[in-house]
Amino acid sequence: MKVCHQIVEIKEIISRDKRQGFSIGFVPTMGYLHEGHLSLVRESLQTTAKTVVSIFVNPTQFGPQEDYQDYPRDLSRDTARLEEMGVDYVFAPSPNEMYPPGFKTYVEVTQLQDKLCGRSRPGHFRGVCTIVLKLFNIIQPDWAFFGQKDAQQAIIIQKMIKDLNLETKIKVLPIVRDQDGLALSSRNTYLSPEQRQAALVLYQSLQLAQLLFEEGERRTSTIKQAMINRIQQEPLAKIDYVEIVEMENLDEISLITDKALVALAVFIGRVRLIDNVILAEKGKKE
Ligand code: PAF
């Protein structure tokens, strides 16, 4: 496995591979890899001839009060794990390599970027879209792999691909959870044992939404209120948002007719966690 830190280096390798007719799969990450990332890597290894994983904690997607400095990093553990799995290339640039002095160009997917997480993280999706487009331009992947855990991110990236006529195709893979239901996230490492226990309330409230839906409830106000009541029983939890939205434009809906995204962000202490589930009439999940 080759680890590249320079854009010219990875570009040269990829263009050689492309000339030889190899298909390229790409998994963008911010490192500190967990099973959720590794499920994307496995899918890429099965889908394309070559797999590139990027490891880059992207400063432009963090707000000034957010955890950019503290975000967990362990490049040598990550690269060892990826090498074991049979990944071909890791691209791990420095912030200066991706954003040299004088950098001025940003990509925005308007409206979608301001909903759900965008409300409490202004500028976040602008940072995500900018780095993802830069990485797509550098790596030119045939396929790129994203996790459903970041549902809004996946929807926004798909919109960017469509609007900007990019060639890359996207696969969005299911959320990977610990045995007790907590969605895997690099930020789970911030949780104390007591907070980790409290964090289970996210999944429990989503399961409650699923149960109500299966019992025939279609009014989103009823489902949302039940979720909010459940979360408020947990003293360490503070709700950022609980929303039930239409899957394409992320608009709130009052009645679920076909399928809907139930998404939430909850603070457990100072740690902001997100999770979601798709509610769909039978046969409508895809
Ligand atoms: O999902 C993430 O880890 C990041 O938002 C991404 C897509 C790697 C861009 O920095």
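Order of listing sets the numbers, starting from 1, for every ligand and every atom in it. Everything numeric in this text was worked out from a predicted model, so none of it was measured. Every heavy atom of this structure was used, including side-chain atoms; hydrogens, water molecules and symmetry mates were not.
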Do the charged groups of E9 and K11 touch, with an N to O distance under 4.0 Å?
-> no

Examine the side chains of N229 and Q225 and answer whether a donor and an acceptor come within less than 3.5 Å of each other.
-> yes

Close N or O approach (T29, ligand 1; < 3.5 Å) | no

Who's the nearest protein heavy-atom neighbour of atom 1 (O) of ligand 1, and how far?
-> Q153 NE2, 2.8 Å

Return a yes/no value for Q61: is any of its N or O atoms, backbone included, closer than 3.5 angstrom to an N or O of ligand 1?
-> yes

Among all protein heavy atoms, pick the one closest to atom 3 (O) of ligand 1 and tell me residue, atom and distance.
-> M30 CG, 3.7 Å

For I131, take its heavy atoms, then give the atoms of ligand 1 lying under 4.0 Å from any of them.
-> 9 (C), 10 (O)

When the ring planes of F56 and Y99 are compared, do they come out parallel, tilted or perpendicular, using 30° and 60° as the limits?
-> tilted

Any idea which atoms of ligand 1 are less than 4.0 Å away from a heavy-atom of P28?
-> 8 (C)

Separation between CG of L279 and CD1 of I256, rounded to the nearest 0.5 Å | 5.0 Å

Does R196 pair with D178 as a salt bridge, N-O distance under 4.0 Å?
-> yes

